Amino acid sequence: MKNKDITIFDLLIETHKSLERQGPGSPEMTLRALSFVENLNENSRIADLGCGTGGQTMVLAQNTAGHITGVDMVPDFIDIFNNNAKRNHLEGRIAGIVGSAESLPFGKEELDLVWSEGMIDGIGFEKGLAYWNGFIKRDGYVVVTCPSWLTSQCPSAVEKFWVEAGSGLDTIEYNISVMSKAGYRFIAAFTLPENCWTENYFIPRAAAEKSLAEKYNGNQTVKAYIAQDKYEVELYTKFKQYYGYVFYIGKKM
Ligand SMILES: C[S@@+](CC[C@H](N)C(=O)[O-])C[C@H]1O[C@@H](n2cnc3c(N)ncnc32)[C@H](O)[C@@H]1O
């Protein structure tokens, strides 16, 4: 590919391929969310939607006995996911497939648990929860993270950023009410701490983007891409008390 042909999407994939995770999160918070999920065993079927390269999927697999299917629309991420599964000797229990979380290859009420970190906002919280509900067994669980307002004040710069990124933010209270409309009993919600954004995502991403800037020295698309990510970090630093990623755990009614 010639440098001038590079798109923002190419750069997003190139940067995120090298990262442990493709969004804010941590093994500790994945395990905290998992602690609310009951009745999993070696026959359980789990789907991790928008799994990326599988940072959280490996944690899930190491702490549950069932079978996990990771679904992501980016083939490069799924290749790395499946290599990571092999490296962790988990390939018998987890498999990554390329696909859309809006057109799932599972049967009706086949799944005990649908997991999804950092993706549902792109589909819409209510739309995603309602669609996935049909694939979950009665008394099965849905566990998602979604960027949310943490206070009743909503700074307009933050609102603009997330709307332009393709999703809007709602309050935790509102999202909890949406869960029951989508057919789940609300179990728990908690906010990801700051280190999930900074140490686990922004800092490794900035390091990857430093290499990107060196590789594509002077390329305007690369400069614009990196500037946009720097703005995201500035916004979070300034307004982190108003918004964050929230884990929502629900049980299918
Ligand atoms: C913010 S990243 C989170 C990745 C990973 N879950 C994590 O927390 O590190 C969102 C992921 O969802 C994937 N994705 C976005 N929309 C999707 C869709 N409709 N179907 C499948 N994957 C999707 C992206 O390719 C990306 O890997």
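Given the structure is predicted, the values throughout are model-derived calculations rather than measurements. Indexing begins at 1, ligand by ligand and atom by atom, following the structure's order. Values below: all heavy atoms of this structure, side chains included; hydrogens, waters and symmetry mates excluded.
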If you measure from each non-hydrogen atom of H16 to ligand 1, which part falls under 4.0 Å: side chain, backbone, both or neither? neither

Report the part of S116 in contact with ligand 1, treating N, CA, C, O as backbone and CB onward as side chain, heavy atoms under 4.0 Å; options are side chain, backbone, both, neither. neither

What protein heavy atom lies closest to [atom]? Include the residue and the distance to one decimal.
| atom | result |
| --- | --- |
| atom 9 (O) of ligand 1 | Q22 N, 2.9 Å |
| atom 8 (O) of ligand 1 | R21 NH2, 2.7 Å |
| atom 7 (C) of ligand 1 | Q56 OE1, 3.1 Å |
| atom 3 (C) of ligand 1 | E117 O, 3.4 Å |

Any chance the side chains of [X] and [Y] put a donor and an acceptor closer than 3.5 Å?
| X | Y | result |
| --- | --- | --- |
| N195 | T198 | no |
| E14 | Y216 | yes |
| T53 | Q22 | yes |
| N200 | S26 | no |

To atom 1 (C) of ligand 1, the nearest of G118, G122, G50 on a heavy-atom basis is G118

Could you name each residue pair satisfying ring pair (Phe, Tyr, Trp, His ring centres under 6.0 Å) that touches residues 16-65, not counting sequence neighbours? H16-Y201

Enumerate the atoms of ligand 1 whose separation from the nearest heavy atom of [X] is less than 4.0 angstrom.
| X | result |
| --- | --- |
| G99 | 20 (N), 21 (C) |
| G52 | 27 (O) |
| V74 | 25 (O) |
| M119 | 12 (O), 14 (N), 15 (C), 16 (N), 17 (C), 23 (C) |
| G23 | 9 (O) |

Is there a polar contact, in the sense of an N or O pair closer than 3.5 Å, between [X] and ligand 1?
| X | answer |
| --- | --- |
| A101 | yes |
| D72 | yes |
| M73 | yes |
| I123 | no |

Can you label the angle between the F161 ring and the Y231 ring as parallel, tilted or perpendicular, going by 30° and 60°? tilted

May I ask you to decide if E91's main-chain N or O and K86's side chain share a donor-acceptor pair within less than 3.5 Å? no

Would the F125 and Y248 ring centres measure less than 6.0 Å apart? yes

side-chain hydrogen bond (donor to acceptor under 3.5 Å, both in side chains) with D112: of H67, K137, R45, only one passes, and it is K137

By salt bridge (Lys or Arg N to Asp or Glu O under 4.0 Å) - contacts of E164 (at least two apart): K160

Intermediate values then yes/no, ring pair (Phe, Tyr, Trp, His ring centres under 6.0 Å), W197 and Y245: CA-CA 9 Å; W197 291 77; Y245 268 94; 5.2 Å; yes

Within less than 4.0 angstrom of ligand 1, does G55 place any heavy atom? no

